[in-house]
Amino acid sequence: MKTKLILIALSIVFAKAGYCQTKADTLKTAHVNFLSKDLAVSNKTATKVDAIMEAYKADMKALAASTASQVVLRAKADSLITLKNQKLSTLLTKEQLAKMVPDAEMKRTVQTTKTAKP
């Protein structure tokens with residue numbers, strides 16, 4: 001009887017874990033489809049855009065956990081923003097970028113890029 005209860009409990013746990021993974025995959029697919037339609041790009045391009053945004057979010061999350069000074073954090077955040085926007089600009093037009101990147105962030109990226117070049 002104990003063995004049956006343990007097996008039932010384990011099967012419920014595994015079924016639940018599989019459902020959660022399926023749900024996450026479904027949300028990811030829905031987001032890529034949304035990007036594809038909203039930006040009028042292929043699913044392949046939308047997947048690349050999504051990967052860039054996910055990497056950016058992960059980097060910003062790690063930066064937020066950092067104990068560095070505010071000046072260092074701001075500089076690293078600006079660097080991450082610029083890198084993300086540069087990567088997106090290789091995939092998207094200016095009109096598409098305008099849908100993804102706030103105006104103030106894009107202006108700061110342009111200023112940073114101009115001052116960084118010799």
Within this structure, what is the [atom1]-[atom2] distance for the pair [X] and [Y], rounded to the nearest 0.5 Å?
X: Leu35; Y: Lys99; atom1: CG; atom2: NZ; result: 11.0 Å
X: Thr47; Y: His31; atom1: OG1; atom2: NE2; result: 11.0 Å
X: Leu83; Y: Tyr56; atom1: CG; atom2: OH; result: 10.5 Å
X: Leu92; Y: Leu97; atom1: CG; atom2: CG; result: 5.0 Å
X: Asn33; Y: Thr26; atom1: CG; atom2: OG1; result: 11.0 Å

Inset, instruction - Consider only side-chain N and O atoms of Thr45 and Ser42, and report whether a donor and an acceptor are under 3.5 Å apart. - result: yes

Inset, instruction - Indicate the atoms forming the closest heavy-atom contact of Leu39 with Gln96, along with that distance. - result: O-NE2, 2.6 Å

Inset, instruction - Could you name each residue pair satisfying salt bridge (charged side-chain N to carboxylate O under 4.0 Å, His left out) that touches residues 79-96, not counting sequence neighbours? - result: Lys84-Glu105

Inset, instruction - Give a yes or no answer on whether the side chain of Ser36 reaches the backbone of Val41 with a donor-acceptor pair at less than 3.5 Å. - result: yes

Legend entry - Under 3.5 Å: donor-acceptor pair, side chain of Ser79, backbone of Ala75: no

Legend entry - Residues Lys76, Asp59: salt bridge by 4.0 Å N-O rule: no

Legend entry - Set of residues satisfying side-chain contact (heavy atoms from CB on, under 4.5 Å) with respect to Ala98, sequence neighbours excluded: none

